[in-house]
Amino acid sequence: MSQRYSRVTFHHVIGKAAVKGRCYRGLSITRSVQDNQFCAVNPRFIAVVTECTGGGAFIVISVRHTGRVSPLHPRVCGHSARVLDVKWDPFNDLRIASCSEDCTVKVWNIPPNGLKADLTSPSKDLLAHGRRVSLIEWHPTARDLLLSSAYDCKVFVWRLDAPEVPVCVINTHSELVVCLSFNADGSLLATACKDKKIRIIEPRTGRVLQESCCGSRKVSKILFLWDLKMLVSTGNSCWNQRQFALWDLEDLSEPLLEEDLDGGSGVIFPFYDADTHMLYLAGKGDGNIRYYEVSAVKPYVHFLSEYRSPSPQRGLGVMPKRGLNISVCEVFRFYRLLAIKDLLEPLSFCVPRKSEGFHADIYPMTAANEPAMTADEWLMGQNKGPLLMSLRPGAEALDTSPTETETPANQDTEYPPDIIEDLQDWTEDDTQSHDWISSRTCCDLNRTEPLEVSLHQREETQDLQEQLKQRDDKIRELELELKNMRNHMRASF
C-alpha cells in the first residue's frame with residue numbers, strides 16, 4: 001500500500017446503534033419486495049413507506065420526537081397503489097416526492113409542524129409513465145428538477161415549476177432500469193439495467209456516452225464516487241457471490257477492482273461520503289454494514305471495519321451531513337428499518353476523539369441545502385457543482401429552513417435525540433491530518449471559543465439527564481419486580 005494512501009485512513013470509526021428509547025417504534029413498515037430503501041431522512045423529518053390496504057401510503061414523523069408512534073398518526077395517502085420510493089428535496093426540507101405502482105409520481109408539501117391530518121392532495125401529480133414507477137431521483141444542484149424511471153423502460157426528467165409534462169425523455173434502455181445515480185454537478189447520469197449493462201448518459205439529450213459489457217456479472221446498484229471520477233457497482237458474480245466493483249468513468253470495458261463479499265441473496269446498497277472518502281455497503285436482509293476507505297490510487301479500497309447486528313434491515317435512510325452531531329465527531333448516520341420489530345433504529349458512525357472543539361479534518365466544506373442554479377440554466381447546458389457550507393458551529397451556513405415550534409400530532413414527546421450515549425470506551429485514532437480540508441469555500445469559518453464551550457456543556461447536560469432518566473427507569477423496574485415476587489410468595493403460602 002502506498003504511503004500517500006495509508007497515512008489518512010480512519011482506523012477506528014465506530015458504529016453505534018441508538019438505545020431503545022431513542023428509536024422510533026410502532027411503524028408498520030412496508031413488505032414490498034422492491035429493492036428500494038423505503039426511507040428518506042432530512043434534518044427535520046423522516047419519511048417511511050408503510051403497509052396499508054386499499055392504496056399506498058407513507059408516514060412523515062419528526063426527527064426530534066422518538067419513541068412509539070401512534071397508529072393513528074396522519075399519513076400521506078394520495079396514491080391508489082403501493083408506494084415504491086420516496087425522496088426529500090435536497091433544497092427544501094418540506095417537500096418530498098413519491099412514486100407508486102399506480103404509474104404516477106407525486107410531489108407533496110409537508111407543513112412546517114408536521115401532519116395534523118392525512119394528506120391526500122399533492123402539489124404536483126406527474127402522469128406520463130405507462131407502467132408502475134419504481135425509481136425517483138432529485139437533481140443534485142439545480143432547483144425543481146426531478147427524474148423518474150418506470151417499468152416501461154423510460155426515464156423522464158420533470159420540471160416542477162412548469163406544466164406537468166417531462167422536459168427530457170431518455171429512451172435508450174431495452175429492459176428495466178434498476179438504479180439511477182447523478183454525478184456531482186448533474187451533468188451525467190449512470191444507470192444499471194437488467195440487461196447487465198452500466199451506461200453513462202447525458203441526461204438532457206439521452207445520448208449514451210459510455211456503456212459496459214458486464215457479461216456474466218449482474219449489476220443491482222450503482223453510485224458515482226463524486227470526487228474520484230469513479231463508479232461503484234454492487235451485484236452478483238457468475239458464481240452467484242455478492243460483490244462490488246470500481247469503474248473508471250473514462251473506460252467501462254473492465255472494472256478497476258472487483259471484490260467478492262459473501263454468498264448472500266439480498267441486494268447490496270452502496271453509500272458514499274465524499275467528505276471522508278468512505279464507502280458503506282449495506283445488504284437488504286442483512287444485519288451487518290461494511291465500510292471502506294476509497295482512494296484514487298491502487299489498491300483503491302481499504303477495508304476499515306464492519307458493524308454487526310442480529311436484526312436484519314429491510315431498508316435504510318441516510319441523514320444529510322448538515323444534520324449530524326458534530327460534537328461527538330459523527331461522520332455518518334443511518335436509519336435502519338427493522339421490519340420484524342416495526343422499528344426504525346438510528347445507527348451512527350463516529351470518529352473517536354479525546355480533544356474538544358471542531359475538527360476541520362473530518363468536517364471539510366460540504367454540500368449545502370441551496371441550489372447552485374435554476375432549472376432553466378441546467379436545461380440550457382450549464383453545469384455547476386454544489387454550493388458548499390461549513391459545519392463549524394457559528395459559521396454562516398446556507399440553511400434557510402424554519403425552526404420547529406410545535407409538537408407533531410399523535411406522537412410521543414421525548415428529549416431531543418443524541419444517539420451516542422457512551423463514548424468513554426472509545427480510543428483515539430490517527431486522523432488528525434488536515435489533508436481532508438476542501439479548497440472550495442462559500443462562507444465564513446470564523447467562530448468564537450465561548451460558543452463552542454457552551455455547546456459542549458449543553459451536550460454534557462443532556463447526557464447526564466438521560467443517564468438519570470435511565471437510572472430512575474431501572475429503579476422502577478426493580479421495585480415492580482420485587483412487588484411481584486412478594487405477591488407470588490404470599491400466594492404460595
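FYI, side chains are in, hydrogens and waters are out, and symmetry mates aren't considered; it's all heavy atoms of this structure. The residues of the chain are indexed from 1 along the displayed sequence. Computed from a prediction, not measured in an experiment: that's the story for all the values here.
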Shortest non-hydrogen contact from [X] to [Y]?
{"X": "G385", "Y": "A372", "result": "O-CB, 3.3 Å"}
{"X": "F182", "Y": "L147", "result": "CZ-CD1, 3.6 Å"}
{"X": "A97", "Y": "I136", "result": "O-CD1, 3.3 Å"}
{"X": "W88", "Y": "L94", "result": "CZ3-C, 4.2 Å"}
{"X": "Y363", "Y": "E330", "result": "OH-O, 2.5 Å"}
{"X": "L231", "Y": "I222", "result": "CD1-CD1, 4.0 Å"}

Counting N and O atoms only, with roles assigned by atom type, does the side chain of [X] sit under 3.5 Å from a partner on the main chain of [Y], one being a donor and the other an acceptor?
{"X": "W378", "Y": "M373", "result": "no"}
{"X": "Q313", "Y": "G315", "result": "no"}
{"X": "E258", "Y": "A245", "result": "no"}
{"X": "D251", "Y": "S253", "result": "yes"}
{"X": "S212", "Y": "I198", "result": "yes"}
{"X": "H139", "Y": "A142", "result": "yes"}
{"X": "Q210", "Y": "E250", "result": "yes"}
{"X": "Y24", "Y": "V63", "result": "yes"}
{"X": "S181", "Y": "F224", "result": "yes"}
{"X": "N183", "Y": "L188", "result": "yes"}

[X] side chain to [Y] side chain, donor-acceptor N/O pair below 3.5 angstrom:
{"X": "D260", "Y": "Q243", "answer": "yes"}
{"X": "S28", "Y": "E51", "answer": "no"}
{"X": "D185", "Y": "T141", "answer": "no"}
{"X": "D376", "Y": "T374", "answer": "no"}
{"X": "K154", "Y": "S149", "answer": "no"}

CA sep, side-chain torsions, deciding dist, call: Y291, F332, ring pair (Phe, Tyr, Trp, His ring centres under 6.0 Å) = CA-CA 11 Å; Y291 44 105; F332 213 78; 9.8 Å; no
Quick test of your reading of the model: are [X] and [Y] salt-bridged, counting only N-O distances below 4.0 Å?
{"X": "R308", "Y": "D286", "result": "no"}
{"X": "E211", "Y": "K197", "result": "yes"}
{"X": "E254", "Y": "R217", "result": "yes"}
{"X": "D361", "Y": "R353", "result": "yes"}
{"X": "R290", "Y": "D262", "result": "yes"}
{"X": "R82", "Y": "D102", "result": "no"}
{"X": "K321", "Y": "D275", "result": "yes"}
{"X": "D152", "Y": "R131", "result": "no"}
{"X": "D125", "Y": "K106", "result": "yes"}

request  = Test K341 against S311 for side-chain hydrogen bond (donor to acceptor under 3.5 Å, both in side chains), laying out the working first.
outcome  = CA-CA 9 Å; K341 299 180 180 180; S311 301; 3.2 Å; yes
query = Looking at Y151, does the NZ or CZ of R132 lie under 6.0 angstrom from its six-membered ring centre and within 45 degrees of the ring axis?
reply =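 Judged by the rule (NZ or CZ under 6.0 Å from the ring centre, within 45° of its axis), R132 counts as positioned above Y151.
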key: Criterion salt bridge (Lys or Arg N to Asp or Glu O under 4.0 Å) on R336 and E345, from CA distance to verdict   = CA-CA 5 Å; R336 301 174 65 231; E345 177 189 67; 2.6 Å; yes
ask   = Yes or no on side chain to side chain contact (heavy atoms under 4.5 Å, CB included) for R322 and M389, after CA distance, side-chain angles and deciding distance?
value = CA-CA 9 Å; R322 56 192 173 89; M389 63 181 291; 4.3 Å; yes
query = Do the rings of H79 and W108 sit parallel, tilted or perpendicular, given the 30° and 60° boundaries?
reply = perpendicular
query = How far apart are the C-alpha atoms of V219 and K196, what are their side-chain angles, what is the distance that settles it, and do they pass the side chain to side chain contact (heavy atoms under 4.5 Å, CB included) test?
reply = CA-CA 6 Å; V219 180; K196 300 182 180 180; 5.7 Å; no
Within the 4.5 Å heavy-atom criterion, are [X] and [Y] side-chain neighbours or not?
{"X": "R25", "Y": "D342", "result": "no"}
{"X": "F38", "Y": "F58", "result": "no"}
{"X": "V318", "Y": "V41", "result": "no"}
{"X": "V157", "Y": "V167", "result": "yes"}

Could you grab the distance from atom [atom1] of [X] to atom [atom2] of [Y], nearest 0.5 Å is fine?
{"X": "K194", "Y": "S220", "atom1": "NZ", "atom2": "OG", "answer": "9.5 Å"}
{"X": "I110", "Y": "S123", "atom1": "CD1", "atom2": "OG", "answer": "9.5 Å"}
{"X": "D85", "Y": "S32", "atom1": "CG", "atom2": "OG", "answer": "10.0 Å"}
{"X": "N92", "Y": "W138", "atom1": "CG", "atom2": "CH2", "answer": "8.0 Å"}
{"X": "L146", "Y": "L126", "atom1": "CG", "atom2": "CG", "answer": "7.0 Å"}
{"X": "I289", "Y": "S309", "atom1": "CD1", "atom2": "OG", "answer": "8.5 Å"}

ask   = Hey, mind stepping through F269 and L281 against side chain to side chain contact (heavy atoms under 4.5 Å, CB included) and telling me if it holds?
value = CA-CA 6 Å; F269 294 102; L281 299 179; over 6 Å; no
Do the two ring centres, one from [X] and one from [Y], sit under 6.0 Å apart?
{"X": "H129", "Y": "F156", "result": "yes"}
{"X": "F244", "Y": "Y292", "result": "yes"}
{"X": "Y272", "Y": "Y280", "result": "no"}

message = Would S295 and H302 count as a side-chain hydrogen bond (donor to acceptor under 3.5 Å, both in side chains) here? Give the steps.
response = CA-CA 8 Å; S295 171; H302 175 69; over 6 Å; no
request  = Kindly check if the number of other-residue, nucleotide or ligand heavy atoms within 6.0 Å of NZ (K124) is above 12?
outcome  = yes
key: From CA spacing to verdict: side chain to side chain contact (heavy atoms under 4.5 Å, CB included), I200, L252   = CA-CA 9 Å; I200 298 179; L252 296 183; 3.9 Å; yes
